[in-house]
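In what follows, a single structure is set out as structure tokens and then discussed.
Side chains included, hydrogens not; waters and symmetry mates left out as well; all remaining heavy atoms used. Here the structure is a predicted model, which means the values were calculated and not measured.
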Amino acid sequence: MNNRKETALLLLVTAGILTCFLFPVFDGSIDPGFPLDDGWIHATYARNLAGQGEFAFNPGEASTGTTSLLWTVTYATTLSVTTAMLPSVEASAHGAGHAVWSALALSSLSLLLLVHFWKQLLLLAGFSRLQALLGSIALLLSGILVWWTLSGMETVPFLLFATLALLACVRERWVLCGFSLALLILTRPEGLLLAPILAGVAWKQSTRTHGVIVLSLGMLGLATYIIWNLAVGGGLWTSTFAGRQWLAVGGREFSHGITEFLTSWVQLHLRWFRLLFVGMLRWAPTETRIAAVFALILLLRHAGNAFLKWRKRRTDSTSVQKRQTADTVAAAGTWIIPGVLIIWALLHGAAYALLLPYPGHAGRYLAPLLLTAAFLFTKLALQPLFPQRNIQGKPESTPGHPADSSAASAVMHAAGDTPVRIPPLLSRRVLPASMLLAAMLLVGSASLGSWRVAWISSVEHINLVHRRAAEWLAAHTPPQSTVAAFDIGAIGFFAERHVVDLGGLLDSEVLPYMRGRIDEYILSSEAGYVAMILPYEGMDAAGFLPATLGYGRRNPPEIRLSTFCFPQPRYNRHITITGNAYPCIVLDQVASQP
């Protein structure tokens, strides 16, 4: 199978998985939407940027309530194009079509490019074409990645630019590496953590000048990001950071002692992996759980072989220069790629444990862990079971050890110089490999199925609670009304009313009031209506967020107008994944002071 056919296969698999997830939208079972209210925050910013040319959630009020500058700009551009070219989409999707499909088109394209560049990265890491292809498909079978793709957020483009930067680094294309880092930082500011790592690689592998070039171009992206924040919001960082940090620690004071930091780091990563496997197997049948255990046993069986030293193997090439070039590039890739991925994931997790210990939103804040886990899976499972072959088709091995060709041979495999042949079906090597692949497909199917159920349930939740509440406000309140809301995304997009943010994403002035004094802030904001998240009726609300905020403590109380709740059995299907969406929203009218 040549590169063109492999790319076509990855395209078909990607399209098939996305279509499977989106089928309820295509057949009209659910309206187009996002599984997180935050997706509608981005949609509101993109709509205002495309329509009025301003970075604002409330028209006329510039703000930095969207963390991703690049995602917002590209989203707004795509939204402008789709609005002009496909006017019928809006009517058929009840006013949300352009916003949803623009975001999903961008994320889907990013997913396809991510998988393509990931395959190229695996080839440079010493894997054969067959191993790289299977590793890329294994990445696609991760339901959490598809969930991120369809969330309306910038997670998949973030992983795309990180992969592209690492790929350029291994190929010693330093300008492209630095430029990719700049785009990475503009997508999410924590991308700056990867910049010194790749600059250090450039320094070591090439020259100090190249290291400076990589770091300087990356910092150019950071400088652009800071200038944008200063011009729009008046601060170095986006206004969302303080609100998210408050939410992450539940309003408690968060000290940075060594013990608390280490505890937070461990808990954050354990919760992320628990989230990954809960999403994979929560609704899986028993046989799939058994397959998952079997796959884990096989992984452990071959883990020892995977950590053996790389041994130098002969290559068959008519050109000495080609062999030397392949040796240089691939030998670097064999240690650069896993080293960078592991260091970046650990550093990224440490930064979040220190500043924002929050595992919610389907784990999207710790997205680099997925790339590291996918690489280790390919390394520990697929490479020992599918050895590379020499030009005669015989495995290169020593007694007692699996075949493991040189890094240069891997590059020649990628170029198509060495045929990739599968050993006989019932050989001692292929039999466990076939069983592992069967287990991988079963577990991957369970992962996709479970995350699909969670995605559908999450979209329905936002549509039936947040969106319906916003549409009620649009129908029953004056256009000049001001609405105070904790979850502002769908309220701002569908109600089209001036919104006062009670979660600190748009304005940090609310933060001192979020410790039991939120009613005071609502009164000072002169909001006429409140959209407040609540647990189910009858639940002890003492430990929930509205009680922490102190909502409803003043006298006279707010006047209850309407309540919107999501059915509890369906709510339980996604709450462990989203980690933040409350089941109900109540709409209250603010009573005047006595």
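A salt bridge is absent between E460 and R573: the closest approach of a Lys/Arg side-chain nitrogen to an acidic carboxylate oxygen does not fall below 4.0 angstrom.
Within the 4.5 Å cutoff, side-chain heavy atoms of L140 are placed close to those of I17. By the 4.5 Å heavy-atom criterion applied to side chains, E496 and R47 are counted as neighbours. Between H466 and I585, the closest side-chain pair of non-hydrogen atoms falls below 4.5 Å. Contact of the I41 side chain with the L36 side chain is not registered, since no non-hydrogen atoms from C-beta on lie closer than 4.5 Å. You'll find the side chain of F127 reaches within 4.5 Å of the side chain of K379, heavy atoms only. Proximity of F26 to T19: side-chain heavy atoms (C-beta onward) are separated by under 4.5 Å at one or more points. Side chains of H116 and L10 form no contact here, defined as non-hydrogen atoms less than 4.5 Å apart. Between W265 and P357 the shortest side-chain heavy-atom distance does not fall below 4.5 Å.
Counting only N and O atoms by type, the side chains of T67 and T240 include a donor and acceptor under 3.5 Å apart. Side-chain contact check for Y75 and S68: no donor-acceptor pair (N or O, by modelled atom type) lies under 3.5 Å. No side-chain donor from either of S508 and S239 sits under 3.5 Å from a side-chain acceptor of the other. Looking only at atom types and distance, the side chain of Y352 has a donor-acceptor partner in the side chain of E190 under 3.5 Å away.
Here the closest heavy-atom approach between residue E54 and residue P59 is recorded as OE2-CA, 3.3 Å. Between G65 and L506, the shortest heavy-atom contact is CA-CD2, 3.9 Å. Shortest non-hydrogen contact noted between P189 and W237 is CB-CZ3, 3.7 Å. V201 and C169 get closest at one heavy-atom pair: CG1-SG, 3.5 Å. Taking both residues in full, the closest heavy atoms of V175 and L217 are given as O-CD1, 3.5 Å, listed atom of the first, atom of the second, then distance. What you find for S458 and W147 is that their closest heavy atoms are OG-CZ2, 4.2 Å.
N58 places no side-chain N or O within 3.5 Å of a backbone atom of E61 that could act as its donor or acceptor partner. Between the side chain of S142 and the backbone N or O of A138, no donor-acceptor pair lies under 3.5 Å. Although no hydrogens or angles enter the test, the distance criterion places a donor-acceptor pair under 3.5 Å between the side chain of S264 and the main chain of A353. Checking side-chain atoms of S110 against main-chain N and O of L106 turns up a donor-acceptor pair under 3.5 Å. Between the T64 side chain and the T238 main chain, no donor and acceptor come within less than 3.5 Å of each other. A donor-acceptor contact shorter than 3.5 Å links the side chain of D37 to the backbone of G489. At distances below 3.5 Å, at least one donor-acceptor pair connects side-chain atoms of W148 with backbone N or O atoms of A362. Side chain of N229 to backbone of G235: no donor-acceptor contact under 3.5 angstrom is found. Put simply, the side chain of S457 gets close to the backbone of R570: a donor and an acceptor are under 3.5 Å apart. Side-chain N or O atoms of W118 include none that pairs as donor or acceptor with a backbone N or O of S136 at under 3.5 Å.
In this structure, F494 has its ring center under 6.0 Å from that of W40. In summary, the aromatic rings of H461 and Y571 are positioned with their centroids under 6.0 Å apart.
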Handout entry: From CA spacing to verdict: side chain to side chain donor-acceptor pair (under 3.5 Å), H98, T82
Key = CA-CA 6 Å; H98 289 150; T82 55; 5.4 Å; no

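The CG atom of D501 sits 8.0 Å away from the CG atom of D507 when rounded to the nearest 0.5 Å. The distance from atom OG1 of T72 to atom CD of E154, rounded to the nearest 0.5 Å, is 8.0 Å.
Using bins of under 30°, 30° to 60° and over 60° for the plane-to-plane angle, the ring pair H42/W71 lands in the perpendicular bin. In this pair, Y45 and F57 present their aromatic rings tilted. The plane angle is within the 30 to 60° band.
Within 6.0 Å of atom CZ in F375, more than 12 heavy atoms from other residues, nucleotides or ligands are found, so the atom counts as buried in its surroundings.
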